[in-house]
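Right, one structure below, let's go through it.
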There are 2 protein chains.
Amino acid sequence: MAPDDVKFFPPASDTRGKVLATALQLFTRQGYFNTSVSQIVRVSGCSTGSIYHHFGDKEGIANALFEALVARIDALFDDIERRHSGAAKRCRAVIELLFTLTEAEPEVMEFVLYARHREFLPERGPICSARPFRKMRDFVARGMETGEVRAVDPVVAAASVYGGALRMIHLRLDGVLERPLGEFLDEVWACAWRSVAP
Amino acid sequence: MAPDDVKFFPPASDTRGKVLATALQLFTRQGYFNTSVSQIVRVSGCSTGSIYHHFGDKEGIANALFEALVARIDALFDDIERRHSGAAKRCRAVIELLFTLTEAEPEVMEFVLYARHREFLPERGPICSARPFRKMRDFVARGMETGEVRAVDPVVAAASVYGGALRMIHLRLDGVLERPLGEFLDEVWACAWRSVAP
DNA sequence: GTCTATATCCAGATAGAC
DNA sequence: GTCTATCTGGATATAGAC
C-alpha cells in the first residue's frame, strides 16, 4: 500500500478542512482540553465566527473530526475484506494497515485509538464498539467458524490476535519504539497468529 | 490473592487520603479536566485552602495520586518476583494480578493504565516507561535468556505476552465485557503463552 | 460565509483569620 | 492545618456588520 492511500487530510483549502486539520494536530499534540478555540483560530487562520458557524461549538469540531476519521478507516477495512479472503490474510492485512497508518499519520491513530473520547464526546460509545473495531473482531470470528482459528471465546481470540499489534502501536506513538513499526510486522504477526492458530 | 490485598484506599480519614480517594473517583469517572477543584472540595468535604495547602495545585493532586498508585503496583510486582520463578509463572501471575485489580478497583487501573497523563502531567514520561511496566518486560526478557521464551525481539515478545490481556482489561473498563475478567484468565493466558512459547 | 468586538462565566488560585 | 471570602485570567460562545 502506497503512503498516499492513507492520507486523510490533503492540504485543505476550505474552512472546514483547515479547521479539522488544525484540530487534529492540536488535539493530539496537546489534548482536547489543553486546546482552546482561540488557538485553533490562530493556527488555522480561520475566524472564530466562521468556526462556530460550521461546527456549532468546540465539541462539534471533535465530533466532525471523529466521524471523518472513522469513516475513512472503515472504508479501508472494507477494502481489506474485498481484497483478501480467510481470517489469517485479513487479520494480517489489518495489522499491516494499522502499522502503515501509524507511521504515515500518527495523529490519526492517536486520535482514533487513544484519545479519551468519553471525556469530550460523552454521547458517543467507546471506540471499540465502532464499526471498524467490530469488523476486526468479525474477521476473527468468521475464521473460527471455518476452523482456521482455534475455538476459544471470540473476544479472547480477537484480543489475542490484535492485542500485541495494538500494544506496539501504543509504544510507537508514545515514542518508546525508535524504529518504524514495519520492521516488526513479521514478528508481530507470527506471534499473533500462533496465539490462535489451531 | 484475597481482594483485600489489592485495596488501595481503605476509608481514609485524613485530608490527604480523603482528597486522593475523591480525586481518583472523579478523575476516572469524568476525566481530569472535567473535574474542578471545587467539586473535589464538595465531595471530599475538605476545604479549598486545605487542599491547596497539601498539594500546591490541581496538578499536584494528580501527581500524588499517580505516585501512590504506581508505588503500590510496583510493590505487588516485587511480590510476584519473589514468590514465583520462571517467566511463565511470573507473567501469568502478572496477568492474574492485573485482572484481579481491575475487578476490585477499576478506577485504579483506569487511572494508571488509560488516563492520558501526558495531557495533565506533562513532565512525566509515558506510563510504559514506569517501573512496573519495565518489570513486566523484564520478566519476559529473562525468560528469553533461559530459553523459556522463543527468541524474538524482546519488545515484540512482551507486547505479545501482555497485549491480549491488556486489551481485555480495556474492554472490561469500557463496559464492553459483561462477565468478570477472571472467567477469561485461563484462555487469555493460554493464547498469550502460545504466542511466545518455543 | 466570514469577520471583529465583546459578553459571560467559572476555573484555578490566593489572602489572611482562626 | 483548616477554613471562608475573594481575585483574576482566560475560556467558550454570541452579536451583528459586511
Side-chain angles (χ1 to χ4, degrees), chain A residues 9 11-68 111 115-124, chain B residues 9 11-68 111 115-124:
Chain A
F9 289 123
S13 51
D14 57 325
T15 297
R16 240 189 114 79
K18 277 192 289 188
V19 170
L20 288 180
T22 304
L24 177 61
Q25 298 299 327
L26 296 178
F27 288 170
T28 53
R29 279 208 229 292
Q30 319 173 331
Y32 174 82
F33 293 101
N34 291 320
T35 303
S36 68
V37 175
S38 336
Q39 205 177 356
I40 297 178
V41 168
R42 278 197 301 278
V43 176
S44 71
C46 304
S47 71
T48 313
S50 216
I51 291 178
Y52 277 91
H53 172 79
H54 280 284
F55 298 98
D57 57 7
K58 186 184 173 186
E59 200 177 304
I61 303 174
N63 235 315
L65 188 54
F66 186 87
E67 256 165 32
F111 187 79
R116 311 241 342 158
H117 310 103
R118 314 186 49 219
E119 294 180 13
F120 55 90
L121 297 175
E123 62 252 30
R124 220 173 261 280
Chain B
F9 288 124
S13 51
D14 57 323
T15 297
R16 239 188 115 80
K18 280 192 290 188
V19 170
L20 288 181
T22 304
L24 178 60
Q25 298 299 326
L26 297 177
F27 287 170
T28 53
R29 280 209 230 290
Q30 319 173 330
Y32 174 84
F33 292 101
N34 291 322
T35 302
S36 67
V37 176
S38 336
Q39 206 177 354
I40 297 178
V41 168
R42 277 197 302 278
V43 177
S44 71
C46 305
S47 70
T48 314
S50 217
I51 292 179
Y52 276 92
H53 172 78
H54 281 284
F55 299 99
D57 58 6
K58 186 185 174 185
E59 201 177 307
I61 303 175
N63 236 315
L65 189 55
F66 186 87
E67 258 166 30
F111 187 79
R116 311 242 339 155
H117 310 103
R118 314 186 48 218
E119 294 180 12
F120 54 91
L121 298 175
E123 63 253 31
R124 220 172 259 281

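All chains are named by letter (A, B, ...) in the order of the sequence lines, taking the proteins before the strands, and each is independently numbered beginning at 1. Note that the coordinates shown come from a computational prediction; the quantities given were computed from them, not determined experimentally.
Between the CD atom of B:Q39 and the P atom of C:dC10 there is a distance of 13 Å, given to the nearest Å.
With sequence neighbours excluded, the residues satisfying side chain to side chain contact (heavy atoms under 4.5 Å, CB included) with A:T35 are A:L26, A:F27, A:Q30, A:Q39, A:I40. Residues meeting the ring pair (Phe, Tyr, Trp, His ring centres under 6.0 Å) test with B:Y52, sequence neighbours left out: none. Partners of A:E59 according to the salt bridge (charged side-chain N to carboxylate O under 4.0 Å, His left out) rule, which considers only residues two or more places apart in sequence or in another chain, do not exist here. Residues satisfying the ring pair (Phe, Tyr, Trp, His ring centres under 6.0 Å) criterion with A:F55, sequence neighbours excluded, are absent altogether. B:R118 pairs by the side-chain hydrogen bond (donor to acceptor under 3.5 Å, both in side chains) definition with nothing, not counting sequence neighbours.
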> Just by protein heavy atoms under 4.0 Å, how would nucleotides 2-18 of chain D read 5' to 3' in B, S and -?
Replying inline: BBB------SBBB----
